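Sequence lines set the chain letters: A, B, ... in the order given, protein chains first and strands last, and positions in each chain run from 1. Values in this document were obtained by computation on a predicted structure and should not be read as measured data. Computed over heavy atoms, backbone and side chain alike; hydrogens, waters and symmetry mates excluded.
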2 protein chains.
Amino acid sequence: MDDAGVAVAEQGAQVVARVGAVLRVLGASAGAPVPTSRVAELAGLTRPTAHRLLAALAGEGLVDRDAAGGWVLGPEAYILGAVAAERYDVTALAADAVREIARATGECAFLSARRGDETVCLLREEGSFPLRSHVLYEGIRFPLGVASAGLAILAMLPDAEREAYLARADLVPAWGPAHAAEPLRARLAAARATGYVVNPGLIVEGSWGMAAAVFDAAGRPAWALSATGVESRFGPDRRGEIGRVLLEQAHAVTQRLRAR
Amino acid sequence: MDDAGVAVAEQGAQVVARVGAVLRVLGASAGAPVPTSRVAELAGLTRPTAHRLLAALAGEGLVDRDAAGGWVLGPEAYILGAVAAERYDVTALAADAVREIARATGECAFLSARRGDETVCLLREEGSFPLRSHVLYEGIRFPLGVASAGLAILAMLPDAEREAYLARADLVPAWGPAHAAEPLRARLAAARATGYVVNPGLIVEGSWGMAAAVFDAAGRPAWALSATGVESRFGPDRRGEIGRVLLEQAHAVTQRLRAR
DNA sequence: CCCGCATCGTCCACTTTGTGGACACCTTAG
DNA sequence: CTAAGGTGTCCACAAAGTGGACGATGCGGG
């Protein structure tokens with residue numbers, strides 16, 4: 001998976017696409033410093049190019065280096081984000097829903113947002129149960145259809161949009177045969193039937209997840225609430241209970257968004 | 001003031017500098033949509049170039065357009081900022097200080113951060129007094145030395161750094177003769193004597209401001225708390241009282257930062 | 001209703017700018 | 001002391017960005 005990009009760019013500005021890829025790499029590291037060569041690798045660039053872009057971005061304050069020379073997002077990124085938050089922040093409206101899911105289920109709970117063909121994890125709340133999955137953390141990205149949040153959102157998209165995505169995305173090379181179009185379609189259909197989705201350890205063996213979609217004011221699935229934990233905590237009995245909690249909280253957040 | 005940039009770039013990546021300028025323009029608009037031609041003007045670019053960059057940035061999700069075609073910062077900017085916030089966010093530590101200043105003085109209170117040769121307003125809290133200054137709002141930028149926050153930070157910089165800035169900055173064309181090096185030095189010296197700075201309506205006639213610097217763990221002035229209002233509320237008597245409140249709160253925030 | 005006037009989006013020849021293979025350097029590991 | 005893996009920099013090459021010019025669009029006034 002050399003270019004984890006959202007596949008856009010087209011004509012006009014190749015550099016901008018590369019800058020976007022670099023920034024996304026740093027964003028997905030959850031604030032941990034990333035060495036130059038790894039940025040290059042993850043962004044699909046040669047090392048000199050990555051280095052030049054990073055140095056230029058550092059001049060703008062969009063990235064910064066820690067003492068060891070690793071790259072992190074910079075103060076300017078924070079400032080821009082603070083302004084953009086007025087328009088896009090949902091964590092304030094969803095924070096207590098995530099907390100309630102963690103409390104009621106004992107598992108780790110998350111809020112993720114759709115971003116193009118990916119989902120991004122925005123909030124994480126630890127559950128009380130001592131065995132916890134650390135597959136998800138703030139900033140990490142998955143393609144739609146991978147991880148329970150992306151499954152929940154994909155399931156609730158209009159049929160045409162969902163099929164268009166399934167046609168252009170090929171998840172098998174990076175995520176294995178369980179993410180081929182057919183088994184995916186089956187999982188999505190099941191999700192539409194119950195309202196919530198179950199990811200039975202498809203990313204990491206034994207790490208299960210469940211999610212329910214949150215809808216924007218236009219009725220489109222734009223976020224998802226999810227819970228993850230070890231397989232033994234997701235037996236048929238508890239699945240119903242966790243699903244109920246997820247749906248309830250997802251509905252509450254959707255209502256709050258509509259009221260805003 | 002065609003290029004409000006922080007003056008960096010140098011060799012290596014001209015496009016990155018331009019991207020930075022474009023993003024800064026949108027950040028400084030406080031979330032209000034900016035038309036293409038105005039972005040071009042403020043970023044010092046030709047309109048086709050600005051348009052191409054904006055379109056490419058939109059492809060990355062870093063900018064977005066509202067219904068009327070104006071440009072705003074996009075969802076990706078918010079997401080990156082949320083990750084960067086873990087490292088750079090101070091608003092959580094300073095929010096109650098800003099609130100306390102607004103409460104105790106009745107004026108509008110602000111937190112600003114230093115960003116290179118500029119300050120950026122991060123927090124605004126309305127005061128109770130009905131005549132309020134709207135010169136400052138979240139996202140707006142001023143060069144160091146302009147507006148009370150930038151004066152407070154500049155005053156507390158090490159002598160060599162302050163003089164180097166005064167030597168390279170020329171504030172007179174954009175901000176008038178009151179911002180020439182000499183009167184500025186006098187204001188800064190007065191600020192060092194009292195600990196807080198007074199801006200007697202130098203940006204907008206009749207809009208006064210006062211500020212005190214907040215220091216980072218290394219003892220460098222990196223933020224400022226300020227209050228603004230109409231001239232009549234800044235008589236000699238009240239100046240002492242407002243200055244006291246500002247210093248007290250600035251000290252409290254500095255302590256909290258050190259403890260972090 | 002029609003005609004300026006102001007914005008906007010797009011095209012394409014020109015050339016500035018970014019590119020990346022190659023090299024030198026530094027630190028750490030064996 | 002040498003090998004290995006990381007980093008920063010150079011520069012010939014050409015690909016990519018640039019912006020003047022044009023046509024489309026939308027608004028307001030005559």
**OP:** Using only side-chain N and O atoms of B:Ser37, determine if any of them is under 4.0 Å from OP1 or OP2 of C:dT7.
**Re:** no
Original post:
Expressed in angstrom and rounded to an integer, what is the separation of B:Leu45 atom CG from D:dG20 atom C1'?
Top reply: 16 Å
Subject >> Bending between helix ends of the helix from C:dC1-D:dG30 to C:dG30-D:dC1 [5 pairs per end, 10° resolution] >> reply: 40°
Original post:
Can you check the A:His51 NE2 to C:dC25 C1' distance for me, whole Å?
Top reply: 13 Å
Original post:
Mind checking whether A:Val146 and A:Thr119 have side chains closer than 4.5 Å, heavy atoms only?
Top reply: no
**OP:** Scan for ring pair (Phe, Tyr, Trp, His ring centres under 6.0 Å) pairs involving residues 132-173 of chain A, sequence neighbours excluded, and state none if there are none.
**Re:** A:Phe142-A:Trp175
Original post:
Out of D:dG20, C:dT19, C:dA22, which nucleotide sits closest to the side chain of A:Val15?
Top reply: C:dT19
Original post:
Taking A:Arg162 for the side chain and A:Leu157 for the main chain, is one N or O donor matched with an acceptor at less than 3.5 Å?
Top reply: yes
Subject >> Between P of C:dG18 and CG of A:Leu57, the distance in whole Å >> reply: 12 Å
Original post:
Is a donor-acceptor contact shorter than 3.5 angstrom present between the side chain of B:Arg47 and the base of D:dG20?
Top reply: no
**OP:** Could you please name the option among D:dT18, C:dT10, C:dG18 that lies closest to any side-chain atom of B:Thr49?
**Re:** D:dT18
Original post:
Closer than 4.0 Å, any side-chain N/O of A:Gln14 to the OP1 or OP2 of C:dT19?
Top reply: yes
**OP:** Report the distance from atom CG of B:Leu54 to atom C1' of C:dT10, rounded to the nearest whole Å.
**Re:** 15 Å
Original post:
Taking CG from A:Leu53 and P from C:dG18, how many angstroms apart are they, rounded to a whole number?
Top reply: 9 Å
**OP:** Report yes if a side-chain nitrogen or oxygen of B:Arg65 is closer than 4.0 Å to either non-bridging phosphate oxygen (OP1 or OP2) of C:dG9; otherwise report no.
**Re:** yes
Original post:
Side chain of A:Asp170, backbone of A:Pro173: donor and acceptor closer than 3.5 Å?
Top reply: no
**OP:** I would like to know whether B:Glu161 and B:Arg114 meet salt bridge (charged side-chain N to carboxylate O under 4.0 Å, His left out); could you show each step before the answer?
**Re:** CA-CA 14 Å; B:Glu161 205 173 329; B:Arg114 179 183 179 192; 3.3 Å; yes
Original post:
Is any side-chain nitrogen or oxygen of A:Arg18 closer than 4.0 Å to OP1 or OP2 of C:dT19?
Top reply: yes
Original post:
Do B:Arg24 and B:Glu118 pass the salt bridge (charged side-chain N to carboxylate O under 4.0 Å, His left out) test, and can you show the C-alpha distance, the side-chain angles, and the key distance before you say yes or no?
Top reply: CA-CA 11 Å; B:Arg24 247 175 286 131; B:Glu118 299 184 328; 5.4 Å; no
Original post:
What residues, two or more places apart in sequence or in another chain, satisfy side-chain contact (heavy atoms from CB on, under 4.5 Å) together with B:Val120?
Top reply: A:Ile79, B:Arg115, B:Arg141
Original post:
Would you say a side-chain N or O of B:Thr36 is under 4.0 Å from OP1 or OP2 of C:dT7?
Top reply: no
